Participant: 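Handing you a structure now.
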Amino acid sequence: MNEPIDAHRTQYVIDVRKLNKHFGDKHVVNDVSLQVARGEIFGFLGPNGSGKTTSIRLMCGLLTPDSGSGTCLGYDIVRESEEIKRNVGYMTQRFSYWEDLTIRQNLDFVARIYQMANRREVVDRSLEALGLQSRANQLTGSLSGGWKQRLALAACMLHEPKLLLLDEPTAGVDPTARRDFWEELHRLAANGISVLVSTHYMDEAERCHKLAYIAYGKLLAQGTANEVIASQGLATWSIHGERLSALSGRLRKTPGVDQTVVFGSALHVSGSDHAALERAVYDATKDSALRAEQIDTGLEDVFIYLMSRSTDNFKVSS
Ligand SMILES: Nc1ncnc2c1ncn2[C@@H]1O[C@H](COP(=O)(O)OP(=O)(O)OP(=O)(O)O)[C@@H](O)[C@H]1O
Ligand SMILES: [Mg+2]
């Protein structure tokens, strides 16, 4: 991929407006608009079946939207899908390389698909860049999850894309391998490569420059972690003490309390009516040994809130 991208067509590497997609009578992507700037790591979150993979496939020209428009790397997602496919690096949700080939053979195979002339050199460079040399001749099927993900990243970057679309790249990978993977993503972003990455992991969401949360095909929040948190206007209290599970059940029925979630040894209690929430927490803890303190609402509190509200909305509308 050495073709220069027309930087004047859009300041965003992804800029899509009001995308819609149905599968049968299911409205899987519902008016999704999303912008990703150059060099940004953009996290895509949402429950299973919420439309993340489908949205990614729409953005990179693998699926045609029923309506809506937009560009990816400056190319039109409907009319110029071939250019997009040639220029983005797409890591699919399921590992999709040959288990009975070695790492080197798999990368060589990908280089052939891209019809690269200097395959040996390209593969050597890629093995070195992602620290894969020591395993180059190991059969892919015998690699651990972390090494497989590393191979998948190397493969989708072989043609030096400026944009990576990574669909749950670290699912099932241990924390150390995930941390290494994210350090690699930040190195790439520092070199001007943009990344759209879907994930279910909260620590990964916190490492993104921007985030979008999707549920039942609808984008419910978008922005930096702080903007996403602020958008829901929740206050949160943390309660420590005994019998938090019973307390949680009681508080949930109390006016002012929109949500209770146990986090380790603490109970997080959140609500959008801050005064009513404070009263509820005060009443529930005043005559007891329970300790309550107001804390900053976290990303996880907000995601749980968004998910439960969208479930309710879905029930109402269906
Ligand atoms: N090719 C298809 N034909 C019919 N339905 C589909 C197709 N692809 C996806 N769907 C449905 O569209 C909805 C959204 O699926 P999608 O894979 O985009 O969700 P997701 O957010 O990526 O989920 P996950 O977190 O499980 O990967 C689901 O209900 C799924 O069953
Ligand atoms: Mg998916």
Side-chain angles (χ1 to χ4, degrees), residues 14 16-36 41-70 72 77-78 81 84-85 88-97 145 148-149 152-153 155-156 163-174 178 181-182 185 194-208 210-223 228 299-300 302-318:
I14 295 177
V16 294
R17 313 272 163 170
K18 290 192 168 283
L19 294 186
N20 282 283
K21 185 73 185 175
H22 293 78
F23 286 123
D25 56 5
K26 252 196 212 162
H27 200 168
V28 173
V29 174
N30 191 338
D31 268 345
V32 166
S33 300
L34 186 143
Q35 284 79 39
V36 179
I41 300 182
F42 192 101
F44 206 18
L45 285 104
N48 291 130
S50 57
K52 298 180 297 295
T53 298
T54 308
S55 299
I56 291 172
R57 290 165 64 81
L58 289 171
M59 289 176 220
C60 66
L62 283 168
L63 274 179
T64 309
D66 300 335
S67 65
S69 62
C72 183
I77 58 164
V78 178
S81 59
I84 297 174
K85 282 184 237 169
V88 302
Y90 176 35
M91 192 195 286
T92 54
Q93 188 164 358
R94 281 204 191 86
F95 184 74
S96 55
Y97 297 97
K148 281 186 183 167
Q149 295 314 95
L153 183 63
C156 80
L163 170 65
L164 296 176
L165 302 172
L166 310 177
D167 199 356
E168 293 189 38
T170 58
V173 173
D174 75 43
R178 291 203 292 119
F181 188 88
W182 272 83
L185 290 191
S194 315
V195 182
L196 176 83
V197 52
S198 73
T199 177
H200 289 289
Y201 294 111
M202 213 45 52
D203 58 321
E204 296 188 349
E206 281 165 358
R207 301 184 81 162
C208 296
K210 291 243 179 84
L211 298 167
Y213 188 91
I214 187 170
Y216 297 105
K218 283 190 188 157
L219 265 195
L220 302 180
Q222 185 176 170
V228 168
L299 207 46
E300 193 156 10
V302 168
F303 285 154
I304 293 169
Y305 182 70
L306 285 169
M307 182 152 66
S308 58
R309 299 227 322 171
S310 67
T311 315
D312 292 348
N313 291 345
F314 190 70
K315 279 184 192 140
V316 169
S317 63
S318 62

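Both ligands and their constituent atoms are indexed starting at 1 by order of listing. Just so we're clear, the structure is a prediction, and the values are computed from it rather than from any experiment.
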Participant: Using 2.8 Å as a strict upper limit, say whether an N, O or S atom of T54 approaches the Mg ion (ligand 2) that closely.
Facilitator: no
Participant: Look at R57 together with D167 and state whether they make a salt bridge at an N to O cut-off of under 4.0 Å.
Facilitator: no
Participant: So do Q222 and F42 actually touch side chain to side chain, heavy atoms under 4.5 Å?
Facilitator: yes
Participant: Between L164 and C156, is any pair of side-chain heavy atoms under 4.5 Å apart?
Facilitator: yes
Participant: Any idea which residues sit under 4.0 Å from ligand 1, heavy-atom distances?
Facilitator: F23, K26, V28, P47, N48, G49, S50, G51, K52, T53, T54, Q93, E168, H200
Participant: For E204, run the side-chain contact (heavy atoms from CB on, under 4.5 Å) check against T170, L45, L185 and tell me which one passes.
Facilitator: T170
Participant: Side chains of Q93 and T53: donor-acceptor distance under 3.5 Å anywhere?
Facilitator: yes
Participant: Examine all N, O or S atoms of Q93, backbone included, and report whether one is under 2.8 Å from the Mg ion (ligand 2).
Facilitator: yes
Participant: Determine, for F95 and K148, whether the Lys NZ or Arg CZ falls below 6.0 Å from the six-membered ring centre while staying within 45 degrees of the axis.
Facilitator: yes
Participant: Pick from L219, I214, N20: which one makes a side-chain contact (heavy atoms from CB on, under 4.5 Å) with N30?
Facilitator: N20
